[in-house]
There are 2 protein chains.
Amino acid sequence: MKISTKGRYALRLAIDVARQQESGPVSLREVSERQGFSVKYIEQLAGLLMHAGILESTRGAHGGYTLARDAANISAGEILRASEGSTAPVACLDDDFGVCPMREQCTTISFWEGLDKVIETYVDSVSLADLASQPIQEGEMCEFEVDLS
Amino acid sequence: MKISTKGRYALRLAIDVARQQESGPVSLREVSERQGFSVKYIEQLAGLLMHAGILESTRGAHGGYTLARDAANISAGEILRASEGSTAPVACLDDDFGVCPMREQCTTISFWEGLDKVIETYVDSVSLADLASQPIQEGEMCEFEVDLS
DNA sequence: CTCCTTTCCTATTGTTTTACAAGGATATCT
DNA sequence: AGATATCCTTGTAAAACAATAGGAAAGGAG
């Protein structure tokens with residue numbers, strides 16, 4: 001049960017924008033240099049976050065992205081749902097799934113609903129401001145996209 | 001972030017065994033008929049659960065599987081970890097990953113650790129006895145492996 | 001002893017998803 | 001004009017997933 005690079009990169013993209021946007025719109029070129037992403041890949045993620053009303057863009061030279069709202073008002077859950085599609089642990093709990101016709105006979109649904117709930121509660125309780133306020137260190141970049149060889 | 005069929009089927013397999021084992025070892029043929037699984041596929045899962053000390057087997061005719069321990073003493077988390085490998089939301093928190101060399105500079109690790117913790121706490125709080133004690137209905141089978149066409 | 005059932009173990013295969021890259025259109029600042 | 005960006009769709013190699021296949025070993029029934 002893993003979060004994909006979409007969700008992980010989208011989080012770090014949002015954190016990067018939150019931290020850097022005071023000096024104007026943050027371009028994906030800058031972000032990619034700081035975070036070790038390819039511009040072409042995070043373009044897609046930026047698009048998703050924009051569509052979800054999390055980022056705003058200004059096009060053209062010196063353009064880039066800014067937060068559409070205050071960082072304190074954006075949750076990690078929102079970012080993950082926008083990038084990953086959903087944080088539900090089983091497909092039958094996705095918003096677009098509708099009601100499962102087998103729901104009444106299902107022995108595991110209430111277990112999955114409980115899991116879904118603790119996940120949502122947690123990711124919605126953490127704001128982008130919380131994430132962005134951690135001390136900044138040299139050589140930012142992370143998780144495990146690290147070549148250990 | 002989805003649980004794969006391994007984890008979902010393994011849970012239902014364990015529930016089925018828990019419910020049926022009073023009348024002797026439960027064969028995978030029976031389970032597959034009740035749950036709509038292929039015998040060949042859940043053979044693998046049964047093997048994983050056995051290796052993890054959750055199931056015990058008796059071979060030969062009239063053989064099958066029984067719980068290695070009391071159902072109240074087996075958690076859903078154990079079953080998921082045995083079948084899925086891990087319930088951690090990011091690979092750097094898997095047991096076999098070791099310590100990430102970038103950990104100190106990572107802006108998201110504490111967020112993922114928190115998520116991992118709420119997931120583990122929840123799945124370890126639910127026992128197989130809890131799951132198996134739900135009322136049994138006709139046409140048992142579930143989740144969303146249902147042909148909606 | 002021989003069939004039948006069942007677990008056990010390891011490949012192999014087909015499909016889907018992931019993680020990007022490519023190419024080009026559109027917008028804006030200098 | 002030209003450089004720098006976002007925007008938008010499509011393509012693709014590799015990995016993961018879901019399941020199948022084939023057969024060995026063990027134990028009960030006739």
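To find a chain, count down the sequence lines: A is the first, B the second, and so on, and within it residues start at 1. All heavy atoms count here, side chains included; hydrogens, waters and symmetry mates do not.
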Q: Specify the separation, in whole Å, of atom CE of B:Met50 and atom P of C:dC9.
A: 7 Å
Q) Once you round it to whole Å, what is the distance between C1' of D:dC17 and CZ of B:Phe37? A) 16 Å
Q: Would you kindly give the CD-to-C1' distance between A:Glu33 and D:dA5, to the nearest whole Å?
A: 14 Å
(Q) Expressed as a whole number of angstroms, how long is the span from B:Leu13:CG to C:dT7:P? (A) 10 Å
Q.
I'd like to know if the side chain of B:Ser57 reaches the main chain of B:Arg59, judged simply by a donor and an acceptor atom lying under 3.5 Å from each other, with no hydrogens or angles considered.
A. no
Protein-nucleic acid N or O pairs under 3.5 Å, nucleotides 12-17 of chain C:
none

Q: Give the minimum heavy-atom separation between A:Gln35 and A:Arg12, together with the two atoms involved.
A: O-NH2, 3.0 Å
Q. Are B:Thr5 and D:dA18 close enough that a side-chain N or O sits under 4.0 Å from OP1 or OP2?
A. yes
Q. With respect to the phosphate group of D:dC17, does any side-chain polar atom (N or O) of B:Tyr9 fall under 4.0 Å of OP1 or OP2?
A. no
**Q.** Letter per nucleotide, 5' to 3', of nucleotides 20-30 of chain D [B base touched, S only sugar-phosphate touched, - untouched; heavy atoms, 4.0 Å]
**A.** BBBB-BBBS--
Q: Kindly say whether A:Ser4 contributes a backbone atom to a donor-acceptor pair with the side chain of A:Glu84 at under 3.5 angstrom?
A: yes
Q: Might you point out which heavy atoms bring A:Arg69 and A:Ile74 nearest each other, and give the distance in Å?
A: O-CD1, 3.9 Å
Q.
With rounding to the nearest 0.5 angstrom, report the OG1 to CD1 distance, B:Thr107 to A:Ile15.
A. 4.0 Å
(Q) Measure CD/B:Glu56 against C1'/C:dC8 and give the value in whole Å, please. (A) 16 Å
Q. Under 3.5 Å, side chain of B:Tyr122 to main-chain N/O of A:Asp116, donor-acceptor pair present?
A. no
Q) Taking A:Asp70 for the side chain and A:Ala72 for the main chain, is one N or O donor matched with an acceptor at less than 3.5 Å? A) yes
Q. Whole Å only: how far is the CG atom of B:Leu45 from the C1' atom of D:dC17?
A. 12 Å
Q | Between C1' of D:dC7 and CZ of A:Arg29, the distance in whole Å | A | 18 Å
**Q.** Least distance between heavy atoms, A:Gly7 atom then A:Ser83 atom
**A.** CA-OG, 3.4 Å
Q: Quick one: pull up OG1 in B:Thr108 and OH in A:Tyr9 and give me the separation to the nearest 0.5 Å.
A: 11.0 Å
Q. Between B:Leu48 (CG) and D:dC17 (P), how many Å, whole number?
A. 13 Å
